[in-house]
**Q** 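Here it is, the structure, as structure tokens.
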Amino acid sequence: MRIARFSIDGNVAFGAVEGEDPEGLVLDIIKGIPYADFELSGTKVPLSKVRLLPPVLPNKVVAIGRNYAEHAAELGNEVPDVPVAFFKPTTSVIGSGDAIVYPSFSNELHHEAELAVVIGRMCREVPRERVKDVIFGYTCANDVTARDAQQREKQWARAKGFDTSCPLGPWVETDLDPADVTIQCTVNGEQRQLGRTSDMIRSIEDLVVHITEAMTLLPGDVILTGTPAGVGPLNVGDEVAVTIEGIGTLTNKVIKRG
């Protein structure tokens, strides 16, 4: 099931996305919140009549760096012995169709297409065999990075945590086998990244176990699983799209800070 979060007439709701024709998709509004047992209301609205919002409002986004060997190599880094984890704040999260605002402190903005894991229940110290039980679903993500600031500052808080640096969407797919799906990134229609989740150094199970050894994850929290090779520059006016097989396409335009 595809679960979207949207606004219409000033109200915010969740809905199940129905249909296959991109021009004819409709939303069946959900009663309640999707992390618990819920019912479909039967009230349907065309997707074209709503504004898509970030599909979740995470308490935290835990991101993993250098989880694809070719990406680590292209930036001159070695594969780490343990997963490299960092945070992106909730203020960095935007939805599909929202603008990425080019940060004033950077001259080298990069796209990083990623599979995002959405947590469905509160969990801590999750054993490997229970990982699937705590996952609500999956969505597309773009770990937008001020590469020059990342290299200059030697830590990633500003480089990866600035406002609008974490596009998520367009919705959460709850029925996906993430083991071997295609991740693609295009900029102005030109392919920049093309990889498969099967190339991850550490699996989703590995990452959930590793993260929850240290912290409690809450419903709606997001894990970014790393990016394949091919990261590159974004400029003002560019339209960047992240497409993941079985989920959909997350699209954002880069604008100048006003």
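Below, each value reflects all heavy atoms present in this structure, side chains not excepted, and no hydrogens, waters or symmetry copies.
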**Q** Evaluate the side chain to side chain donor-acceptor pair (under 3.5 Å) criterion for residues Ser104 and Arg257: first the C-alpha distance (whole Å), next the side-chain angles of each, then the deciding distance (0.1 Å), finally the verdict.
**A** CA-CA 7 Å; Ser104 59; Arg257 181 173 295 280; 4.8 Å; no
**Q** If you round to the nearest 0.5 Å, how far is CG of Leu234 from CD1 of Ile100?
**A** 6.0 Å
**Q** Which distance, rounded to the nearest 0.5 Å, do you find between the CG of Leu207 and the CD1 of Ile64?
**A** 5.0 Å
**Q** Does Arg202 offer a backbone N or O that forms a donor-acceptor pair with the side chain of Asn67 under 3.5 Å?
**A** yes
**Q** Does some side-chain heavy atom of Phe38 sit less than 4.5 Å from a side-chain heavy atom of Ile3?
**A** yes
**Q** Identify whether Ile30 and Val17 are in the same connected component of the hydrophobic contact network (ILVMFWY, side-chain heavy atoms under 4.5 Å).
**A** no
**Q** So do the side chains of Met215 and Lys60 get within less than 4.5 Å of each other, counting heavy atoms only?
**A** yes
**Q** Hey, is Arg147 close enough to Glu112 for a salt bridge, meaning N to O under 4.0 Å?
**A** yes
**Q** Treat each ILVMFWY residue as a node, draw an edge where side-chain heavy atoms are under 4.5 Å apart, and state whether Phe14 and Leu25 are in one component.
**A** no
**Q** Does a salt bridge link Lys253 with Asp238, judged by any charged N lying under 4.0 Å from a carboxylate O?
**A** no
**Q** Can you tell if the side chain of Phe162 reaches within under 4.5 Å of the side chain of Phe105, non-hydrogen atoms only?
**A** yes
**Q** Given Thr164 and Val144, is the side-chain contact (heavy atoms from CB on, under 4.5 Å) satisfied, shown in steps?
**A** CA-CA 8 Å; Thr164 74; Val144 184; over 6 Å; no
**Q** Indicate yes or no: at least one non-hydrogen side-chain atom of Phe86 is less than 4.5 angstrom from one of Lys160.
**A** yes
**Q** Kindly determine whether Thr139 and Glu173 satisfy side chain to side chain donor-acceptor pair (under 3.5 Å), including the steps that lead there.
**A** CA-CA 6 Å; Thr139 193; Glu173 174 57 69; over 6 Å; no
**Q** Taking Arg5 for the side chain and Pro54 for the main chain, is one N or O donor matched with an acceptor at less than 3.5 Å?
**A** yes
**Q** Using the side-chain contact (heavy atoms from CB on, under 4.5 Å) rule, take Thr197 and Met200 through it: C-alpha gap first, then chi angles, then the decisive distance, then the call.
**A** CA-CA 6 Å; Thr197 56; Met200 286 183 189; 4.1 Å; yes
**Q** Are any non-hydrogen side-chain atoms of Arg128 and Ser203 less than 4.5 angstrom apart?
**A** yes
**Q** Working note: Val231 + Gln193, criterion side-chain contact (heavy atoms from CB on, under 4.5 Å); need CA distance, chi angles, decisive distance, verdict.
**A** CA-CA 7 Å; Val231 301; Gln193 292 181 268; 3.7 Å; yes
**Q** Same cluster or not: are Leu224 and Val118 linked, directly or through other Ile, Leu, Val, Met, Phe, Trp or Tyr residues, by side-chain heavy atoms under 4.5 angstrom apart?
**A** yes
**Q** Measuring from Leu27:CG to Thr43:OG1, what's the distance to the nearest 0.5 Å?
**A** 12.0 Å
**Q** Looking at Arg51 and Asp98, is any side-chain nitrogen of the basic one under 4.0 Å from a carboxylate oxygen of the acidic one?
**A** yes
**Q** If you measure from the Lys or Arg side-chain nitrogens to the Asp or Glu carboxylate oxygens, is any gap between Arg66 and Glu78 under 4.0 Å?
**A** no
**Q** Less than 4.5 Å apart, side chain to side chain, heavy atoms only: is that true for Lys88 and Asp143?
**A** yes
**Q** Should Tyr138 and Val208 be counted in the same cluster of Ile, Leu, Val, Met, Phe, Trp and Tyr side chains packed under 4.5 Å apart?
**A** yes
**Q** Within the structure provided, determine whether Asp206 and Ile201 are in side-chain contact (heavy-atom separation under 4.5 Å).
**A** no
**Q** First locate atom CG of Asn142, then atom OG1 of Thr227, and finally report the distance between them rounded to the nearest 0.5 Å.
**A** 8.0 Å
**Q** Strictly distance-based, threshold 3.5 Å: is any side-chain N or O of Trp171 a donor or acceptor partner for the main-chain N or O of Ile247?
**A** yes
**Q** For the side chain of Thr182 and the backbone of Arg196, is there at least one donor-acceptor N/O pair under 3.5 Å apart?
**A** no
**Q** Using atom types as modelled and distance alone, determine if a side-chain donor or acceptor of Arg192 lies under 3.5 Å from a backbone N or O of Gln184.
**A** no
**Q** I want to check something: taking the side chain as every heavy atom from C-beta on, are Phe136 and Thr174 in contact at a cut-off of under 4.5 Å?
**A** yes
**Q** What is the distance from atom CZ of Arg124 to atom OG1 of Thr212, rounded to the nearest 0.5 Å?
**A** 7.5 Å
